Amino acid sequence: MLIKEPGSKTVSKNTEPIAPEVYREMGLIDSEYQKIVEVLGRHPTYTEVGMYSVMWSEHCGYKYSRPILRLFKKYKEALEGEGLENAGVIDIGDGYGIVMKMETHNHPSAVEPFQGAATGVGGILRDIFTMGARPIACLNSLRFGPLDDAHNRYLFENVVAGIAHYGNCVGVPTIAGEVVFDDCYSGNCLVNAMSAGIVRIDDIASACAKGVGNSVLYVGSSTGCDGIHGATFASVELGPDSENRRPNVQIGDPFQEKLLIEATIEALKTGFVVGIQDMGAAGITCSTCETSAKAGTGMEIDVLKVPRRQSDMTPYEVMLSESQERMLAIVEKGHEDDVAAVFKKWGLNAVVIGHVTDDGLVHVWEGDQLVAEVPAKSLADDAPTYYLETEEPEYLKEVRCFDLTKIPEPADYNEALEKLLGSPSIASKEWVYRQYDHMVQTNTAILPGADAAALRIRGTKKAIALVCDCNGRYCYLDPFVGAQIAVAEAARNLACVGAKALGVTDCVSFGNPEKPQVFWQFKRAIEGMAEACEAFDTPVISGNVSFYNETPETAIYPTPVVGMLGLIEDADKHCTPEFKREGDVVALLTGRRITKDSESDPGFCAVNDLGGSEYLKVMHNVVAGQPPALDIEAEKRLHTCLIEAISSNLLSSAHDCSDGGLAVALAESSIGGKLGVEASIVADCSASVALFGEAQSRAVISLPPDKLGELGELVEKHAIECTILGKVQGDRFKIDVNGVTVIDREVEQITRVWKNAIPERMEGRA
Amino acid sequence: MKFGVIVFPGSNCDQDAYYAVRDVLKEPVEYIWHQEHDLKGVDCVIVPGGFSYGDYLRTGAVARFSPVMEAVKEHTDKGGYAIGICNGFQILCEAHLLPGALVSNDCLKFVCKYVQLTPANLNTPWTNQCKNGQVLNIPIAHQGGNFVCDQETLKRIEDNGQVILRYCDEAGRVTPEANPNGSLNNIAGVINERGNVAGMMPHPERAVEKILGSADGLNILRSVIEWARR
Amino acid sequence: MAKVKVYVTLKPSLLDAQGRVVQTALENLGYGNVEDVRIGKYIELEVKENGQTLDTQIEEMCRKLLANPVIENYRFEVTE
Amino acid sequence: MAKVKVYVTLKPSLLDAQGRVVQTALENLGYGNVEDVRIGKYIELEVKENGQTLDTQIEEMCRKLLANPVIENYRFEVTE
Ligand SMILES: Nc1ncnc2c1ncn2[C@@H]1O[C@H](COP(=O)(O)OP(=O)(O)O)[C@@H](O)[C@H]1O
Ligand SMILES: [Mg+2]
């Protein structure tokens, strides 16, 4: 206990050392404890160690990932720039900015999928409106083990229901996302929630605790013992009922969040809110020390004033609680009531718990007892940084030299196609997005099911498009190229709806970083992503890192998910993937390396395009080879060409070729449009490669024949190759390769396979 | 015609309804906070979608007791117009301003999608701008839109023409496959005996512009304006 | 202080979709001997006695708010 | 045929948002004397006895499916 001498500012520090078992349980190592002692010039109190342990964890302090993340130039600026503290902003013109961020809730979701996923959505929304932005979209990127396992089905079912529950209730449309199933995610599901909001650039809220003497206002739900550092169970202060007392999982209340959104936006309009920050991980600790560290101020708070849900909470518990739906606002002195009135109108708590000071210290009082006195900066900015070792993983040599030419052709290409269309990773995700309200707010111009979703921006001619993407298998085979492809594919998806890529948020999940092979994957993936983002001129404005996604049996594939924002200049001129009318010409646009040297021209396709493909996995249960090659310059030309073609109203449809290759892309356009196609491919490779190879930088388009001339000029201008494949017609899905009909099915039949794959697995089981 | 959009703390389609009336229909409209006792002289009340008070216990159960619902009841008792959309429909049923109740969808899941509707009675304040045999394309977004009532009530509302909208397929056929939530007789919308109060699960305010995929919702919203003018 | 337990169940004439799904799930888990499942609500109230008859008060709360008589039945127990 | 009643409640330390809203609503309806409301599930099962101990079976069903032990407590009664 620290003791304050009556009537003085000095504090006598008669603290005892904390036992190593206790701080180690909290996740601190010996050298970190020593560093705390150095900073404080004494031993910390129990509450203080608790505060350091959460702020210096990887989750809050990025102690392992920070050195690598510096590769993102803009990200660094976003993290450190004033006003951009919680989530980055992208200027879309007309005075508006888009704020976006993505975050994982993998571990909570594995324990309690419904609440874990729901609170993930809640947390990411708070990151958005804490900047003064109104949330306008949610997205999610999910990974599960195969659906033939009951536990994976349970996780999938409840994660989706949890996301739906929270997003639907707060009234933010969930407009896009991705779901991938693979063995490596059994026991390690990934739940990444993303959100985007809109704000007038002039109205961006700050997260700085400026102005000595200003009041610190606690708003929102009351504080309970939920979500406190699971590791602290063993500590001395806890009785036998500890598990009941301090549940590891939090329960969210989207209704409170909805109130918090409206009230926060309204409170900011009073002009009296100097700074505001959500309480996410590390709750009050994080919000108090970060806001004061950023402003170079200090803060004094009294935990007894914090609204509580449980009696007898210790200061430690109050400071570390991760109860949901709470915020900390710094309010101009003398205007506390004006601001509190807004929150109270919405039925929320709003209590002054302290004030801003000038000494750079966070003082935590429990009544007249001082329980913590720590430099704000040391908590917020001085987390120890570690440069972990890297080592190229052994498995790579083996998987890379796999001989793809030995893969036999399938006996029946129709069956191969249906197997791919029925693979849950490729199949229709309607079962998922049906459960999400994707139309509330009445701005959704492109509904889920297209390459990217789009929202028109009222009061302008514009629309924004959003997407998230990552192929973990590619990243497993080559994290550098895989991460680059994630960026390229996201941008391609945007281009296919007519949007130009503007910026990126990321959410990267890996195994245990203390294993050099895992850290190597992490480093290579971030290098790839950083390089690609620079090439596409899409700054990384925010992000999140999740490590330790592994069980003794498996580690996940490196999964660096990219969330990307694009802009459509004229909302009326966007495009969707489904065929629109019979008689349209179907063609393939390919961004190809410009080269005089014909030897290096890869031709229509090459056997290497099967590396890491869905085809290889689904048909042969093989994950090997190298991911398809990516030429970023060629990719960019393709996007420019697509965007120009769409804005000139040339295209009826556009759809990117990705998982499952050309055949799957054509099938999806056909299924969506309920229209058949007759396509012929001429290729200097086997039919399986031509149909299912996953060469990059390609898109399937359809257009009226009379627009071919204009398109020709465009592709010429951008040095894009345009291969005419055939025509939209009838009700059969038919593909010839080198003059031989290899695929011929009724559209209705492949539609059934594609649409029923997930519902059958989820519901059809007797 | 002056519209009023009720705002419960958990309403989340209030702004969409407001936008549809003000910016698309170009009619005067005001928000009315759930604590108000006065409806500010509006002609037609919209009880919007959302989650009123979090929709715990049962959807609409708590909202029914808010001060503003007293005022709505007075308004409709005097013949004033009111339409409940989605959660608003649930609230009006709980408040006994409309017959029946809405229970969980038979699939137990939230369902968000465009559905097709066929008007079942054109001679009402809410459907007079629809055409016979017309198929309206309007989205739904709910988890508890399964309309139920006892057999007697069902017979009565069917006989009285109180069913105004039914789920149908693209050709206008009222089939079990076209029923997205298990509602009795594919009922998507009903009115009270007098006809001045309506409830519907689909969201007409979401289908008001081409860029949103459909403008068919305007047929419903325009009907009441036309009806009052007559 | 009285402790009140309220049980709200769907009227038998209504199909209990949730109950049916749970029954199927139990069957899949190997409990084929579960023949019927009905799912309702269980509400615990702590009520301070205020001179008025508790039973009448609870009855009223149930009718007005805790249950919807159009679709649900209810019953309650008062314990001390 | 045994009739089993299962009661599932949220662990006391967790936020019961439903209960809170219902309590406020009751207060507004004039029942200020209701001091606490917790809302849980009430499940009725009809189970055919199949030689195995019923209690063990029900216990298992609760743990595996009817309740989520991470956030919920449960108890049950068997009546004939
Ligand atoms: N978890 C999800 N949440 C919302 N929408 C999803 C989700 N998963 C997939 N979708 C939507 O389904 C469609 C198909 O997804 P996907 O196959 O991943 O697209 P692509 O192959 O073009 O990247 C997209 O519109 C996507 O936004
Ligand atoms: Mg796809």
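Every chain is numbered from 1 and lettered A, B, ... according to where its sequence line falls, protein lines coming before strand lines. Side-chain atoms are counted along with the backbone in the values below, which use heavy atoms only and exclude waters and symmetry mates. Note that this is a predicted model, so its numbers are computed, not measured.
Among Leu66(C), Leu65(C), Thr9(C), the residue with the largest count of heavy-atom pairs under 4.5 Å with chain D is Leu65(C). Of the listed residues (Ile39(C), Val4(C), Val47(C)), the one with the most heavy-atom contacts under 4.5 Å to chain D is Val47(C). For the set Lys3(C), Glu49(C), Gln57(C), the entry with the most heavy-atom pairs within less than 4.5 Å of chain D is Gln57(C).
Heavy atoms of Glu60(C) lying under 4.5 Å from chain D belong to its backbone as well as its side chain. Contacts between Lys64(C) and chain D at a heavy-atom distance below 4.5 Å involve the side chain alone, from C-beta outward.
Panel note: side chain Lys11(C), backbone Pro69(C); a donor-acceptor pair is recorded below 3.5 Å. Between the Glu27(C) side chain and the Val34(C) main chain, no donor and acceptor come within less than 3.5 Å of each other. Side-chain atoms of Glu59(C) do not come within 3.5 Å of backbone N or O of Asp55(C) as any donor-acceptor pair.
The CE atom of Met1(D) sits 9.0 Å away from the CG atom of Asn33(C) when rounded to the nearest 0.5 Å.
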task: Go through the steps to decide whether Tyr42(C) and Tyr7(C) satisfy the test ring pair (Phe, Tyr, Trp, His ring centres under 6.0 Å), and finish with yes or no.
output: CA-CA 5 Å; Tyr42(C) 169 59; Tyr7(C) 308 89; 5.6 Å; yes
